[in-house]
Amino acid sequence: FYIATRPPLHPLFHSIYVVFHEKRKGVVKQREKMRNKLYLLLVLLSLFNSVHVSSQEKYISLGAHEHHEHIGQMEHPLSGIQIHNIVVALSKSASIKVDGPTLLGSKGEDFEWVTINLRNAEPSQDDWVGVFSPANFNESICPPQTSKEEQSGAPFICTAPLKFKFANYSTSKYTKTGKTSLKFRLINQRGDFSFAFFSGGLENPKLISVSKYVAFSNPKAPLYPRLALGKSWDIMTVTWTSGYSIDEAVPFVEWGWKGQVQQRSPAGTLTFHRNSMCGSPARTVGWRDPGFIHTSFLKDLWPNVEYTYKLGHLLSDGSVVMSKQYSFKSPPFPGQESLQQIVIFGDMGKQERDGSNEYADYQPGSLMTTDTLIKDLDNIDAVFLIGDLPYANGYISQWDQFTAQVEPITSRVPFMIASGNHERTWENSGSIYNGLDSGGECGVPAETLYYVPAENRAKFWYAADYGMFHFCIADTEHDWREGSEQYKFIEQCFASANRHKQPWLIFAAHRVLGYSSNEWYANEGSFEEPMGREHLQKLWQKYKVDMAFFGHVHNYERVCPIYQNQCVNKETSHYSGVVNGTIHVVVGGGGSNLNRFTTINTTWSVFKDYDYGFVKLTAFDQSNLLFEYKKSKDGKVYDSFTISRDYKDVLACVHDGCEPTTLAS
């Protein structure tokens, strides 16, 4: 097990996090003895602090939470590998071989399953295999050392693997036989791959064997399209990743009505570099070249039309590289009455389908959410992921893994994101919060890889329209308090909504600026981010915002229509008439490890769920809307309500939400 401690709050203890590697095979009796001793220790510690055991999270936490997430929970699995401790100890008694072809994607596939065979005359339960790309991962790809002291201590390896597995993942017999096979799922990531076999565990790794290289037939291929709404309703943006620089090829999108003549639209190209990162690991062991990111604007769309599109690159020799064909349905005209279905959730994370990085069970619900959305994609018009996307935390390769995971969704419907602490927060970088949550990324990968219709994508606040919905997306990692630049935007976004044509006004942000019964907020006594309601509730009330959605807290909670801590409507399943308070919803159960609720009875809380899930909003017309909370595990509805009202109900005067009047006739 691994123990991480924090500065003490109690004179004796503050918090100890114990992570059991439950998925590690070959458990020995010594661990059982250690576990028995541990539980004895827990009994003793419980005399001083409260004890909480979560079997699902595989954590035992003692004492008070510190803001915000558990240390063990949010540490990236790759951070457990002590890269700079790696030593070369190549051994003839150990081998790692690729079982099958070394050329992948010969039929245009963007992923392949690869089997490797291991042999070790001296097997151990701590042996592991890392997948490296580029395949030549020695000191030749390390950044230049600037001083003699650095040069003398330069490591053999300076980059983390893309993923890893313990050798005993497939069978516990490995430690007896010294032989096993592992399967890895590789995605096309603009480079070749090699498999490295290590002994010595993650803390003192010894490189004992390296496989032959494998590679995709076209590692530079255009891949992983991400659709997003443009600044106007009749614009769809397409962003994708490739290995082609602007010196090698001209990027474009070939698109048009399904089955009709296609046209071509140009694309702009961006990238970022190691020195774009703010700190480690993004600047050090977590760095990997992100390739080139292209964005094209498909303009003058007709409403409600199915379009097809392909990603293309015109090479300097006149040849063209094309992706496979994708499709999307164009947005409705603003105010159009038709069935419109929007999904909202936060804190998705990423998860490896091959079981890699399994020791930390890092984002256990991510694939459940992904797969459930894919199954229902015909009934989804747009998706809003409100912060904390892959939790790459400075390991840049994980952004590719994430874009590949959600590609079946992002290639078909607009995928709108918000900025979370794990995208942006870094000390002394302009963020309103101090911390190291982004792993040194300071927002650069998120704002480059995903388009949002913001005036300045480094400031992640923006407005978006979809039919009868008007969305105002805030960036909680920048100042949102009254008087700030963002506060002015939020008010302008609310004020610009034409509630006759777009009656459903939605606010969304990552951190909870409204209400939450989460344990750490309760321990702080705020039940929110401090100053959130203090500064924003007057705007929610003045402009009669229907719903405010938040992530950051990894669970689901629905709050009553509320203003100034008071429920203004006693109904729970159907709301009608005047809009006299905003319904607050925490929907941070997209995939990351779950967070506990407080035991305090929060009277404004209508429904809580400690599970993975998402919200689906269905607007039938300008007077009727259905709200559904669905669990990721089965896609079934576990909480719901309806709203029905007329336009006059939105215009009606309510407390702190009245237009000025005059006695003149």
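Residues: numbered from 1 along the sequence shown. Computed from a predicted model, the values in this text were never measured in an experiment.
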Can you list everything that forms a side-chain contact (heavy atoms from CB on, under 4.5 Å) with Thr271? Sequence neighbours excluded, please. His273, Pro290, Phe292
At their closest point, which heavy atom of Thr295 faces which heavy atom of Thr237, and how far apart are they? CG2-CB, 4.4 Å
Would you please test Gln541 and Gln564 for side chain to side chain donor-acceptor pair (under 3.5 Å) and show each step? CA-CA 10 Å; Gln541 186 73 359; Gln564 294 182 339; over 6 Å; no
Which residue pairs satisfy the salt bridge (Lys or Arg N to Asp or Glu O under 4.0 Å) criterion with at least one member in residues 543-554, sequence neighbours excluded? Arg499-Asp546, Asp546-Arg645
Can you list everything that forms a side-chain hydrogen bond (donor to acceptor under 3.5 Å, both in side chains) with Gln82? Sequence neighbours excluded, please. none
Does Ser232 form a side chain to side chain donor-acceptor pair (under 3.5 Å) with Asp234? I'd like the steps, not just the answer. CA-CA 5 Å; Ser232 172; Asp234 59 352; 2.6 Å; yes
What I'd like to find out is whether the side chain of Pro266 reaches to under 4.5 Å of the side chain of Phe252, using heavy atoms alone. no
So which pairs with a foot in residues 451-461 pass side-chain hydrogen bond (donor to acceptor under 3.5 Å, both in side chains), sequence neighbours left out? Lys459-Glu485
Give the minimum heavy-atom separation between Val253 and Val238, together with the two atoms involved. CG2-CB, 4.4 Å
Check: Glu203 main-chain N/O paired with Asn85 side-chain donor or acceptor under 3.5 Å: yes
Test Val579 against Tyr543 for side-chain contact (heavy atoms from CB on, under 4.5 Å), laying out the working first. CA-CA 10 Å; Val579 184; Tyr543 295 100; over 6 Å; no
Is a salt bridge present between Arg511 and Glu477, judged by a nitrogen-to-oxygen distance below 4.0 Å? yes
Qualifying residues under ring pair (Phe, Tyr, Trp, His ring centres under 6.0 Å), relative to His470, sequence neighbours excluded: none
Is any side-chain heavy atom of Leu594 closer than 4.5 Å to one of Pro364? no
On the 0 to 90° scale, with breaks at 30° and 60°, tag the His422-Tyr391 ring pair as parallel, tilted or perpendicular. tilted
Worked verdict on Ser429 versus Arg424 for side-chain contact (heavy atoms from CB on, under 4.5 Å): CA-CA 9 Å; Ser429 69; Arg424 181 61 182 84; 2.9 Å; yes
Residues Asp289 and Arg274 bridged, charged N to O under 4.0 Å: no
Distance flag, aromatic centroids of Phe471 and Phe469, threshold under 6.0 Å: yes
Identify whether the distance between the nearest side-chain nitrogen and carboxylate oxygen of Glu248 and Lys220 falls below 4.0 Å. yes
Distance-minimising heavy-atom pair for Met236 and Pro414: CE-CG, 3.7 Å
Under 3.5 Å: donor-acceptor pair, side chain of Ser419, backbone of Asp475: no
Whether over 12 other heavy atoms sit under 6.0 Å from Asn428 CG: no
Are any side-chain N or O atoms of Thr448 and backbone N or O atoms of Val444, one a donor and one an acceptor, separated by less than 3.5 Å? yes
Anything under 3.5 Å between a donor and an acceptor, one on a side chain of residues 222-229, the other on a protein residue two or more places apart or in another chain? List them.
residue : atom : partner : partner atom : Å
Tyr224  : OH   : Asn188  : N            : 3.4
Tyr224  : OH   : Asn188  : O            : 3.0
Arg226  : NE   : Leu449  : O            : 3.2
Arg226  : NH1  : Tyr224  : O            : 2.8
Arg226  : NH1  : Thr241  : OG1          : 2.9
Arg226  : NH2  : Thr241  : OG1          : 3.3
Arg226  : NH2  : Leu449  : O            : 2.9

Heavy-atom side-chain contact between Leu539 and Ile490 under 4.5 Å: yes
Checking Phe132 now: which residues fulfil ring pair (Phe, Tyr, Trp, His ring centres under 6.0 Å) with it, not counting sequence neighbours? Phe137
Strictly distance-based, threshold 3.5 Å: is any side-chain N or O of Ser280 a donor or acceptor partner for the main-chain N or O of Thr284? no
Just to verify, what does Phe627 make a ring pair (Phe, Tyr, Trp, His ring centres under 6.0 Å) with, not counting sequence neighbours? Phe641
What verdict does the side-chain contact (heavy atoms from CB on, under 4.5 Å) test give for Phe164 and Leu78, after you've listed the backbone C-alpha separation in whole Å, the side-chain angles of each residue and the deciding distance to 0.1 Å? CA-CA 8 Å; Phe164 72 95; Leu78 296 177; 3.9 Å; yes
Please verify the inter-ring angle class for His510 with His552; under 30° counts as parallel, over 60° as perpendicular, anything in between as tilted. perpendicular
Beyond-backbone contact of Arg412 with Glu407, side-chain heavy atoms, under 4.5 angstrom: no
Can you list everything that forms a side-chain hydrogen bond (donor to acceptor under 3.5 Å, both in side chains) with Asp609? Sequence neighbours excluded, please. Tyr629, Lys631
Provide the closest heavy-atom pair for Thr602 versus Glu557 in the form atom of the first, atom of the second, distance. OG1-OE2, 4.1 Å
Determine whether the aromatic ring centres of residues Trp540 and His584 are separated by less than 6.0 angstrom. yes
pair Leu513-Thr476: side-chain heavy atoms closer than 4.5 Å: yes
How about Leu505 and Cys472: do any of their side-chain heavy atoms sit closer than 4.5 Å? yes
So do Phe597 and Asn518 actually touch side chain to side chain, heavy atoms under 4.5 Å? no
How would you list, by chain and number, every residue that makes a side-chain hydrogen bond (donor to acceptor under 3.5 Å, both in side chains) with Arg288, sequence neighbours excluded? Ser133
Just jot down the ring pair (Phe, Tyr, Trp, His ring centres under 6.0 Å) partners of Tyr466, sequence neighbours excluded, or say none. none
Does Arg190 use its side chain to pair, donor to acceptor, with the backbone of Pro219 at less than 3.5 Å? no
Go through the structure and list residues passing side-chain hydrogen bond (donor to acceptor under 3.5 Å, both in side chains) with Ser484, not counting sequence neighbours. none
When you measure from the side chain of Glu423 to the backbone N and O of Gly387, does any donor-acceptor pair fall under 3.5 Å? no
Write down the atom of Phe527, the atom of Ser517, and the distance for their closest heavy-atom approach. CD2-CA, 4.4 Å
Backbone of Ser366 reached by a side-chain donor or acceptor of Thr370 within 3.5 Å: yes
Parallel under 30°, tilted from 30 to 60°, perpendicular over 60°: which one fits the rings of His313 and His294? perpendicular
Find out whether Val585 and Tyr556 are in side-chain contact, i.e. whether some heavy atom of one side chain is under 4.5 Å from a heavy atom of the other. yes
Return yes if a side-chain donor-acceptor contact under 3.5 Å exists between Asp465 and Gln502, otherwise no. yes
Kindly give the heavy-atom pair with the smallest separation between Gln351 and Gln405, and that separation in Å. N-OE1, 3.0 Å
Are the charged groups of Glu519 and Arg596 less than 4.0 angstrom apart, N to O? no
Check whether Glu441 reaches the backbone of Trp426 with its side chain - one donor and one acceptor, N or O, closer than 3.5 Å. no
Judged by atom type as modelled, is there a donor-acceptor pair below 3.5 Å linking the side chain of Thr369 to the main-chain atoms of Gly590? yes
